[in-house]
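Since the model is a prediction, treat every value here as computed from it, not as a measurement. Residue numbers start from 1 in every chain, and the chains themselves are labelled A, B, ... in the order their sequence lines are given, proteins ahead of strands.
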Amino acid sequence: MKRVLALTLAILLFIVFAMAFAKIPFGEKMSNYPDYYNPIENQTSNMSLPQHYLTYGKNDTGATNMVTAVVVDYRGFDTLGEVTVLFLASTGVGSLMYVEDKVKRKVRRSNAVVETGSKLLFGFIILFGAYIFIHGHLTPGGGFPGGAVIASSFLLLYLAYPKFHAEHKKLNVSESLAGLTFVIVGLLGLIIAGYFLYNFLPFGLPTYLFSAGVIPVIYVAIGVKVGSELTGIVDAMMGVRE
Amino acid sequence: MIPYYYLGSISLVVIGIYIVIAKKNLIKIIIGLDIMDTGVNLLLISVGYVKNATAPIENVPGPYVDPIPQALVLTAIVIGVSVMALALSIAIGIYKKTGTLELDEIMGVEE
Amino acid sequence: MSDIILLILQIIGYIFISIGTFFLLLASIGLLRMPDVYNRMQTATKATTLGSLSVLIGVGLIDLWWLPKSLIIAAFIVLTAPIGASALARASYKHGVKLWEGSVVDKYKEEKEED
Amino acid sequence: MDLFTIVSLILITIMIIAAIIAAEIKDLLSAAIASGVMSLVVSILFYMLQAPDVAITEAAIGAALSMAVMIFGIKSTKRWEK
């Protein structure tokens, strides 16, 4: 009975959603607004927001990858909030999975092929993750994917070696240092120019590694932070093993 | 005529809602929430797509797709997995206390 | 002169790609025809590794700009495919999946009896 | 019907089938693996929609980390749904 009701509700919702989204065009060019006065540029303009980002983004931020420009520069304060949500969630997982009586679970050893292979691959995967977040302002990628790749390399070690444990103290130290870097860079911007997260370093030439001011610094910090938090989540969910 | 990308992502969301309403197992409900999350992400990205455009990386010329939904979804995915881990750890705590994952049995044990 | 060398390289690349697709075809036929899990896993890793390696090398020879990238991808396929296959096969053995009646070697069982 | 349409229709069909399997199967481990397959297909769709950043993130998280976290959770509770 409950299944039938749920199925009917689901089909009704599907029809409502489909009717709602039938009017939104797919894959068409971004439309212009009617003319309006833009107080920042001090002129009339008819650009929508993404067109504004795509037109002026390279000059405003110095980054080549516009997604990075939006995440770190235009919406940097949002990203600070999101990283805080991530921190709270990983703290919650750690505190909920904490066991006092340390019930130890028996784990079988994995075989020699898996152990040797994962020892070989671990370094390469960490290197790839670091590449992703260091080049976040030039190529696709950035702190969030890089951190996820680093955490998956630690997951490989956890799966291959039953007794492996990442040291909690080192994870805590790297996580807090990365968070501090983010906030200190933001506060330096506040001191120098009066805006939180102001891009105070020189932009340099676009498409070069040392360009875009503080964006690479912040993205490296985000990468380290996300990596250590996700590793902490994996460690907590894994439990105590023997 | 609705675009097929919207239809796919709407059906993911609806399947997630169906799981959350009809199923009684806690882990199944968490899987349903994950499916809903993925559907919303796909919907946002497909709204921002522009035909014959490239990714918003300005090494190459040409029209670009909308960068704002991509920036939204980039953070939403990472937050989604951490929130899912939080929900799973709460479910494990409930299992340790009551010995079951079925919702109606949990209601019976609680008293 | 260099044009002729490039042409020869391209022809060699296309030959490599056809060999690779042939092995991929063999792998998919074997996936359908083989009797048990372990035989299927062997076709799905061994033949597929060889097939994708020669496809990658062929692509690298056709467009020389891609050669370093495709070599790196090939190295990672060589590193990862056997690890995953061995872990999967071992897990299914420990889980109790039976061997096919016609199989002749069971090294895991011999090892257990020796202990 | 260009190539983009055909490939995305096939991938969307696989995605919906994986989601339905994850909804209906009684074995929670299989449901987790089906949701991982769905995430992998969705990451290919993100790449086709010109969002490479999101595709990398979804492939690393949806197919590896999220599935691993879910399997750890199932391992410390029950495997079968009633």
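Within the model, atoms CD1 of I92(B) and CE of M97(A) stand 4.0 Å from one another, a figure rounded to the nearest 0.5 Å. Considering OG of S89(B) and CE of M237(A), their distance stands at 6.0 Å, rounded to 0.5 Å.
Proximity to chain A among residues 39-48 of chain B is limited to L43(B), S46(B), judged by heavy-atom separations below 4.5 angstrom.
Heavy atoms closer than 4.5 Å to chain A are found in both the backbone and the side chain of L7(B). The contact between I17(B) and chain A is made entirely by side chain atoms (from C-beta outward), counting heavy-atom distances below 4.5 Å. Both the backbone and the side chain of F17(A) come within contact range of chain B, with heavy atoms under 4.5 Å apart. Heavy atoms of L9(A) lying under 4.5 Å from chain B belong exclusively to its side chain. Contact annotation for I233(A): only side-chain heavy atoms (C-beta onward) come within less than 4.5 Å of a heavy atom of chain B. Heavy atoms of T64(A) lying under 4.5 Å from chain B belong to its backbone as well as its side chain. Residue contact with chain B, scored on non-hydrogen atoms closer than 4.5 Å, involves the backbone and the side chain of A18(A) alike. For chain B, no part of V83(A) is nearby; none of its heavy atoms comes within less than 4.5 Å. If you measure heavy-atom distances from L230(A) to chain B, the contacts under 4.5 Å come from the side chain alone. V67(A) touches chain B through backbone and side chain together, each having a heavy atom under 4.5 Å away.
Under a cut-off of 6.0 angstrom, the local environment of CZ in F196(A) is crowded, with over 12 non-hydrogen atoms contributed by other residues, nucleotides or ligands. The number of heavy atoms from other shown groups lying within 6.0 Å of OH (Y74(A)) is above 12.
Between the side chain of Y6(B) and the backbone N or O of P25(A) there is at least one donor-acceptor pair closer than 3.5 Å.
For the options S82(B), A22(B), A55(B), heavy-atom pairs under 4.5 Å to chain A are most numerous at S82(B). Most heavy-atom pairs under 4.5 Å with chain B: of the set V71(A), I24(A), V85(A), this distinction falls to I24(A). Contact tally against chain A (heavy-atom pairs below 4.5 Å) for P56(B), A53(B), P3(B), G93(B): the top residue is P56(B). No other option in L88(B), I21(B), V83(B) has as many heavy-atom pairs under 4.5 Å with chain A as I21(B). Looking only at heavy-atom pairs under 4.5 Å with chain B, the residue among T68(A), V70(A), L54(A) that has the most is L54(A).
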Side-chain donor-acceptor contacts of residues 60-81 of chain B below 3.5 Å, not counting sequence neighbours, with atom names and distances?
from: Y64(B); atom 1: OH; to: V60(B); atom 2: O; distance (Å): 2.7
from: D66(B); atom 1: OD1; to: I68(B); atom 2: N; distance (Å): 3.3
from: Q70(B); atom 1: NE2; to: Q50(D); atom 2: O; distance (Å): 3.0
from: T75(B); atom 1: OG1; to: E82(A); atom 2: OE1; distance (Å): 3.4
from: T75(B); atom 1: OG1; to: E82(A); atom 2: OE2; distance (Å): 3.4
from: T75(B); atom 1: OG1; to: L72(B); atom 2: O; distance (Å): 3.0

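Taking both residues in full, the closest heavy atoms of F26(A) and K51(B) are given as O-NZ, 4.5 Å, listed atom of the first, atom of the second, then distance.
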